[in-house]
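Lettering of chains follows the sequences in order, A, B, ..., and the numbering in each one begins at 1. This structure is a prediction, so every number in the text was calculated from the model and none was measured.
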Protein chains: 2
Amino acid sequence: MPKDAAPPRRTMRADARRNAEKIVAAAGALIAEQGADASLEEVARRAGVGSATLHRHFPSRQALLEAVFKDRVEALCAKAGDLLADPDPGQALSAWLRAVGAHAVANRGLGASLMRDADTTLGETCHDMITNAGDALLARARAADAVRPDMTVTQLLKLVGAIALATEKDIDGPAEADLLLAIAIDGVRAR
Amino acid sequence: MPKDAAPPRRTMRADARRNAEKIVAAAGALIAEQGADASLEEVARRAGVGSATLHRHFPSRQALLEAVFKDRVEALCAKAGDLLADPDPGQALSAWLRAVGAHAVANRGLGASLMRDADTTLGETCHDMITNAGDALLARARAADAVRPDMTVTQLLKLVGAIALATEKDIDGPAEADLLLAIAIDGVRAR
DNA sequence: CCAGTAAGTGGGGTGGCCCTCCGTTTCGCG
DNA sequence: CGCGAAACGGAGGGCCACCCCACTTACTGG
């Protein structure tokens, strides 16, 4: 009998991985300079690869953004885990939201990534990760009657992302964002 | 002696005015369908004019958006005027903000117009109009100790615009936006 | 060590977009 | 009416996302 179809690759080929890394690095730099709608061709150019390679590794702009922001998001998730040990659940939630907001303004375009579009079909790893992380904090805060009972993480993140988006191209973005965020968080508190 | 340079036109030529109107109408329809980043060439195509004509009448996308939203914005300004007579200044402000938010989600892209880019060089009539209108309401609310004393209209509008932007592509945009807005406004109140 | 092969690559093409130049048409004033 | 200026719109340049396909390269089993 014919032998089975070729066994599927277990790991990426070494050069492919290297190229992917070069692309992510270049994208990170360019996005920091120009924002999340930077030219993908310019990214490929700076990474020293063809545009086809970029598109093969990252089929959509969103996919590339997620790769770029992955470690930042992981850091935020870790922070959420730490804050679960905080004695004051309400304070913990609000501290985390401000941290998320700070990252979102600092890294142009992260905000848009987090809010995410209700239409994205699948694979929104970034958004899922942060949603899950935030959910734990929110649940605890809700149990302690520190927040309005009808809040959802999605709403919270939308709020944070929206504010980041609105201030990210401001002259004094971070300060403005922090102020607006503080105000919004105030509204989230249980009355 | 040579006669003075030809006297400058006082009014637009009739066909020019008609074309401008057709363009605004087409843009309004397309923006309602596809959002504020709709293709300008498609607008020109639907209006039955060449793309050069569109660009002559509206040198920037922002200029076109302002023309499209002008009457909506005027309505909001009028409403602000009316609300100045409301006996409760805090309530009046919050009602107006919700009205602004509702319009912003309903008319895709209005939100972005309102928040406006800190870098726009000049001529942001739309933004100016609404800023002035809101300022009166805010001043009155502040005098009545109904809001935090450090709020500015710009911040308020940024908040509203951001929320509209964040929810405008949602399945259930209006409801979501109203809820988030209510929360944010709650944070704006004086403690 | 070596060849076979699937995985990976990138140049070039396509179509869309924004915007401008410029020859042609149209308006409206005198 | 007739003429000059105002307005028009198609063609074309530059840029971009994305796809196709002939070529190259890394891994694997003998």
Side-chain angles (χ1 to χ4, degrees), chain A residues 1-27 30-31 33-68 109 112 117 120-121 123, chain B residues 2-27 30-31 33-68 109 112 117 120-121:
Chain A
M1 78 196 281
K3 64 163 174 285
D4 292 351
R9 280 224 138 277
R10 38 184 65 88
T11 95
M12 238 185 200
R13 239 170 68 171
D15 56 343
R17 169 165 294 281
R18 249 182 299 121
N19 273 338
E21 279 164 12
K22 281 196 293 183
I23 291 171
V24 169
L30 199 66
I31 286 173
E33 282 175 32
Q34 310 191 352
D37 50 358
S39 156
L40 297 186
E41 290 211 329
E42 175 68 16
V43 169
R45 223 171 290 135
R46 288 207 196 181
V49 304
S51 65
T53 299
L54 185 151
H55 285 286
R56 195 170 330 102
H57 281 292
F58 307 99
S60 70
R61 169 177 246 104
Q62 180 70 16
L64 179 56
L65 288 181
E66 291 197 346
V68 168
D117 339 277
T120 305
T121 46
Chain B
K3 64 163 175 281
D4 292 351
R9 279 223 141 275
R10 40 183 61 85
T11 96
M12 237 184 198
R13 240 171 66 171
D15 55 344
R17 170 164 294 281
R18 249 183 300 119
N19 274 337
E21 278 164 12
K22 282 196 293 182
I23 290 170
V24 170
L30 199 66
I31 286 173
E33 283 175 31
Q34 309 189 355
D37 49 358
S39 155
L40 297 186
E41 290 212 328
E42 176 68 14
V43 169
R45 224 171 288 135
R46 289 207 196 182
V49 303
S51 65
T53 299
L54 185 150
H55 282 101
R56 197 171 324 104
H57 281 293
F58 307 99
S60 70
R61 166 176 249 107
Q62 180 71 13
L64 179 57
L65 288 180
E66 291 196 347
V68 168
D117 341 278
T120 306
T121 46

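Using a 4.0 Å heavy-atom distance criterion, A:R17 is classed as making no nucleic acid contact. Counting any heavy atom pair closer than 4.0 Å across all strands shown, B:A14 reaches sugar-phosphate atoms only and no base atom.
Atom NZ in B:K22 sits about 13 Å away from atom C1' in D:dA7, given to the nearest Å.
Taking the side chain as every heavy atom from C-beta outward, B:H57 and B:M12 approach each other to under 4.5 Å.
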All N/O pairs under 3.5 Å across the protein-nucleotides 17-23 of chain D interface:
residue: D:dA17; atom: OP1; partner: A:L40; partner atom: N; Å: 3.1
residue: D:dA17; atom: OP2; partner: A:S39; partner atom: OG; Å: 3.4
residue: D:dA17; atom: OP2; partner: A:L40; partner atom: N; Å: 3.1
residue: D:dA17; atom: OP2; partner: A:E41; partner atom: N; Å: 3.1
residue: D:dA17; atom: N7; partner: A:E41; partner atom: OE2; Å: 3.3

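Residues A:S51 and A:A44 come closest through the heavy atom pair CA-CB, 4.0 Å. Nearest approach of A:I23 to A:V43, heavy atoms of both residues: O-CG1, 3.9 Å.
Checked by atom type and distance alone, the side chain of B:R61 pairs as donor or acceptor with a backbone atom of B:A36 at under 3.5 Å.
Exactly one of B:R18, B:R17, B:R13 qualifies for a salt bridge (Lys or Arg N to Asp or Glu O under 4.0 Å) with B:D15. That residue is B:R13.
Remark: the B:R13 side chain and the D:dA6 base include a donor-acceptor N/O pair separated by less than 3.5 Å.
Between A:N19 and C:dT9, a side-chain N or O to OP1/OP2 separation shorter than 4.0 Å is present. Considering only side-chain N and O atoms, B:T53 lies nowhere under 4.0 angstrom from the phosphate OP1 or OP2 of D:dA7.
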